[in-house]
Each structure stands twice: as structure tokens, then as C-alpha cells.
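Reading through the C-alpha cells given below for one structure.
When a residue number appears, it is its place in the shown sequence, counting from 1.
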Amino acid sequence: MAGKAQIPTKNSALISMIADEDTVVGFLLAGVGNVDLRRKTNYLIVDSKTTVKQIEDAFKEFTTREDIAIVMISQYVANMIRFLVDSYNKPIPAILEIPSKDHPYDPAHDSILSRVKNLFSTESVASGRR
């Protein structure tokens, strides 16, 4: 064990999850989960007992932590805090809306996709192309 190399935490980043239990467990089995020394996790399991305030607090915490590079959030959960997701404009951590088992993905509600569409539509208008 003494010869085992340690991954420096300054050069690594985590993926955080805000989703239903099945989605979070799937990603935890893939190795996404982390619990730090203060017993803080990088995921929130959303169920019928989870309040919107808890979801908001987790989103705010994950988007301000320096060790998180991507926040993956189920789209139906993102719809509960749409005002926060839409107002978030930093590049890191990136917000990625994903489908869940019980709620299919709807591109009309994806804030990142709508920003990209607006970007390309304004660029095409500015350059004279449509």
C-alpha cells in the first residue's frame, strides 16, 4: 500500500448527481459517488419526501463546490427548480439535464439546448444566413 500512487485532489474533479434513486444508484455503481471527510456526498436522491428547498440547497451547494466539474440533474427535478437552472451561467461546473426511468427527456425544457439554439439563431441572423 505504501507504493500506491495517490490521485491529487487539486487535479481531479467530481461529477455530482441530483436525481431519482434508480438513476443515482446506477451512477454510484459506475463509480461516480464520493463521500468526503466531513461526510458530505456528491449526490442527492430525490423522492416523494424531498422538498424543493432541499433540491435548491443541493443545487446551490454543488454549483459552488470547487471539486465538482459536472452537475447531472434529472430533467423533471430541474423543472422543479427551473428558475435556478436557467439563471446559472458559469461554465464550471457544467449543468447536464438527463432523462430518468419514469420521465422521458423533453428537449423543449432543456436550458442548455435552448441557449445553444438561441446562440446559433442570433449568429445566423447577424451573418445574414438563416
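- In this structure, Val35 stands alone, with no Ile, Leu, Val, Met, Phe, Trp or Tyr side-chain heavy atom under 4.5 Å from its own, directly or through other members.
- Neither Leu44 nor Met72 shares a network with the other; the hydrophobic side chains, linked directly or stepwise wherever heavy atoms of I, L, V, M, F, W or Y lie under 4.5 Å apart, form separate groups for each.
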For residues 23-32, which side-chain donor-acceptor pairs fall under 3.5 Å, sequence neighbours excluded?
residue, atom, partner, partner atom, Å
Thr23, OG1, Asp20, OD1, 2.8
Thr23, OG1, Asp20, OD2, 3.4

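- Taking CD1 from Ile55 and CD1 from Ile18, the interatomic distance works out to 8.0 Å, rounded to the nearest 0.5 Å.
- The hydrophobic clustering, which links ILVMFWY residues whose side-chain heavy atoms are closer than 4.5 Å, places Ile70 and Ile73 apart.
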Check against side-chain contact (heavy atoms from CB on, under 4.5 Å), Met17 and Val71: CA-CA 6 Å; Met17 294 284 307; Val71 176; over 6 Å; no
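- Partners of Tyr76 by ring pair (Phe, Tyr, Trp, His ring centres under 6.0 Å), not counting sequence neighbours, listed by chain and number: His103.
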Thr63 and Leu84: CA distance, side-chain angles, deciding distance, side-chain contact (heavy atoms from CB on, under 4.5 Å) verdict: CA-CA 11 Å; Thr63 55; Leu84 276 178; over 6 Å; no
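- Legend: side-chain hydrogen bond (donor to acceptor under 3.5 Å, both in side chains) pairs involving residues 24-35, not counting sequence neighbours: none detected.
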Steps toward side-chain contact (heavy atoms from CB on, under 4.5 Å) verdict (Val85, Phe59): CA-CA 9 Å; Val85 174; Phe59 183 82; 4.1 Å; yes
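- Formation of a donor-acceptor pair under 3.5 Å by the Asn42 side chain with backbone atoms of Ile15 is found in this model.
- You'll find the side chain of Glu61 reaches within 4.5 Å of the side chain of Lys40, heavy atoms only.
- To the nearest 0.5 Å, atom CG of residue Asp36 and atom CZ of residue Arg65 are 6.0 Å apart.
- Here the CZ atom belonging to Phe83 is positioned 4.0 Å from the CD atom belonging to Glu56, to the nearest 0.5 angstrom.
- Sorted by first and then second residue, the pairs that involve residues 74-83 and meet salt bridge (Lys or Arg N to Asp or Glu O under 4.0 Å), not counting sequence neighbours, are Arg82-Asp86, Arg82-Glu97.
- For Thr51, the side-chain contact (heavy atoms from CB on, under 4.5 Å) partners at least two apart in sequence or on another chain are Lys53, Gln54.
- A distance of 7.0 Å separates CD1 of Ile95 from OG of Ser16, quoted to the nearest 0.5 Å.
- Val52 and Val77 end up in the same hydrophobic cluster when Ile, Leu, Val, Met, Phe, Trp and Tyr side chains are linked at under 4.5 Å.
- Contact check on Asp47 versus Lys49 returns no salt bridge, with no Lys/Arg side-chain nitrogen under 4.0 Å from an Asp/Glu carboxylate oxygen.
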